[in-house]
Amino acid sequence: MTDTPDSPSERKRGSGARLVYDALRDEILELVLPPGTPIDEVALAERFGMSRTPIREALLRLAGEGLVETLPNRSAIVANIDFLNLHHFFDAMTLMYRVTTRLAALNRSDADLAAIRARQAQFAAAVEAQDALAMIATNRAFHAAIADAGGNPYYIAFFLRVLDEGRRLLRLYYQSYNDRLPQSIVGEHEDIIAAIEAGDVELCDRLGRAHADQIIRQIQSFFARDRREDLPL
């Protein structure tokens, strides 16, 4: 008998893939699984006590989000971070922060503003709790809500890709503060919301750029820290 979408076995298979996806996503974002780590489907099947089908479904979803890379021999690894070309990513991030906030100021509705404020409240709660994974998720949701308010589906799709591919960099950004994000960062979001509500396109542009700039500077500073030990010889 063929399973229907609502059959128990279909639901179990779907929930299994979600379980694996959630666990691996968190381990990748927390850098417990560093970039380049091989992913062993057999070991994962044994770890989660399930067949390789939901494992593959989870890996396919992670690959779609840029967190896993499938190799020509059908094996998979945790996607690498291209540190040599980060300037390209930073260019894209800065551009999308500016474009999406500008469009939101032009096109937002009252419902859009309510959605943005709701996502901001969730982000502020995650910052207060010093929950890095929640900060990553709620920050994405906040900026996605702004993009939605702008109404351009092409910008939305591209920005979601940028947000997804930048989640591990954002983890390092939060780590640079020991996960104690300054309230001034929460305040930057509030300023963006106020500018969108006021319909001030040029202010949205400036705030979007400034928001991207401080994130980039902090990440660059984190990478450049001198962690050498001055050992007596």
Side-chain angles (χ1 to χ4, degrees), residues 21-40 44 58-101 123 126-127 130-144 147 155-182 184-185 188-189 208-231:
Y21 164 81
D22 285 343
L24 292 181
R25 177 203 59 204
D26 289 353
E27 290 174 5
I28 292 170
L29 293 181
E30 283 280 20
L31 303 176
V32 173
L33 292 176
T37 301
I39 296 175
D40 186 337
L44 288 174
L59 293 178
L60 185 62
R61 182 174 176 185
L62 290 166
E65 295 180 4
L67 295 177
V68 164
E69 180 181 348
T70 302
L71 301 179
N73 63 359
R74 294 190 177 183
S75 63
I77 62 171
V78 176
N80 285 300
I81 299 173
D82 188 359
F83 290 103
L84 292 179
N85 289 300
L86 274 185
H87 59 285
H88 293 315
F89 175 82
F90 290 150
D91 281 343
M93 185 183 82
T94 302
L95 177 64
M96 295 315 300
Y97 273 31
R98 294 174 59 200
V99 168
T100 55
T101 51
F123 175 72
V127 171
Q130 298 177 11
D131 185 336
L133 289 179
M135 284 190 278
I136 291 170
T138 55
N139 179 77
R140 180 191 187 279
F142 171 77
H143 287 288
Y155 288 150
I156 292 168
F158 180 62
F159 195 27
L160 291 179
R161 175 186 167 189
V162 170
L163 291 170
D164 283 341
E165 292 191 10
R167 285 179 293 178
R168 286 180 292 175
L169 290 175
L170 202 59
R171 180 67 190 95
L172 295 173
Y173 170 71
Y174 296 143
Q175 186 178 328
S176 74
Y177 290 109
N178 294 317
D179 296 340
R180 296 177 176 86
L181 200 64
S184 61
I185 309 303
E188 288 183 14
H189 280 192
R209 183 179 189 108
H211 190 52
D213 286 349
Q214 66 83 11
I215 293 171
I216 292 166
R217 285 195 303 269
Q218 184 68 17
I219 291 172
Q220 290 172 332
S221 175
F222 182 65
F223 287 157
R225 288 179 184 174
D226 189 347
R227 294 182 173 85
R228 293 175 299 170
E229 294 185 22
D230 188 11
L231 298 175

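Since the model is a prediction, treat every value here as computed from it, not as a measurement.
- To the nearest 0.5 Å, the span separating NE2 on His189 from CZ on Phe142 amounts to 4.5 Å.
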Test side chain to side chain donor-acceptor pair (under 3.5 Å) on Gln130 and Tyr177; report intermediate values, then the result. CA-CA 10 Å; Gln130 298 177 11; Tyr177 290 109; over 6 Å; no
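- Asp179 approaches Met135 most closely through the heavy-atom pair O-CE, 3.7 Å.
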Would you sort out whether Asn139 and Tyr173 count as a side chain to side chain contact (heavy atoms under 4.5 Å, CB included), showing the intermediate values? CA-CA 12 Å; Asn139 179 77; Tyr173 170 71; over 6 Å; no
Go through Phe223 and Leu172 one step at a time and tell me if the side chain to side chain contact (heavy atoms under 4.5 Å, CB included) criterion holds. CA-CA 9 Å; Phe223 287 157; Leu172 295 173; 3.7 Å; yes
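- Pro35 is listed as a side-chain neighbour of Arg168, based on a closest heavy-atom distance under 4.5 Å.
- Contact check for Leu86 versus Gln220: no side-chain heavy atoms found under the 4.5 Å cut-off.
- Looking at Asn73, its side chain does come within 3.5 Å of a backbone N or O of Ser75 through a donor-acceptor pair.
- To the nearest 0.5 Å, atoms OH (Tyr174) and CD1 (Ile185) are separated by 9.0 Å.
- Note that the CD atom of Glu165 and the CG atom of Asp82 stand 10.5 Å from one another [nearest 0.5 Å].
- In this structure the side chain of His143 never reaches within 4.5 angstrom of the side chain of Thr100, judged on heavy atoms.
- Note that CG of Leu29 and CZ of Arg171 are 9.0 Å apart. Values are rounded to the nearest 0.5 Å.
- In this structure a side-chain-to-backbone donor-acceptor pair under 3.5 Å is present from Thr94 to Phe90.
- Across all non-hydrogen atoms, the minimal contact from Ala147 to Phe159 is CB-CD2, 3.9 Å.
- Between Ile216 and Met93, some side-chain heavy-atom pair lies under the 4.5 Å cut-off.
- When all heavy atoms of Gln218 and Ser176 are compared, the closest pair comes out as NE2-OG, 2.9 Å.
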Chi angles and distances behind the side chain to side chain contact (heavy atoms under 4.5 Å, CB included) call for Ile39, Leu33: CA-CA 9 Å; Ile39 296 175; Leu33 292 176; 5.7 Å; no
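- Partner of Thr37 under the side-chain contact (heavy atoms from CB on, under 4.5 Å) criterion, chosen from Ile77, Val78, Val68: Val78.
- Note that CD of Glu30 is 7.0 Å distant from CD1 of Ile136, once rounded to the nearest 0.5 Å.
- Each of Asp164, Leu163, Ile28, Leu160 was scored for a side-chain contact (heavy atoms from CB on, under 4.5 Å) with Glu65, with one residue passing: Asp164.
- Residues Phe158 and Ala92 approach most closely at CZ-CB, 4.1 Å, considering heavy atoms.
- Once rounded to the nearest 0.5 Å, the distance linking CD of Gln175 with CZ of Phe222 reads 4.0 Å.
- Taking all atoms of both residues into account, the shortest heavy-atom contact from Thr138 to Ala126 is OG1-CB, 3.9 Å.
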Worked check of side chain to side chain contact (heavy atoms under 4.5 Å, CB included) between Val162 and Leu95: CA-CA 10 Å; Val162 170; Leu95 177 64; over 6 Å; no
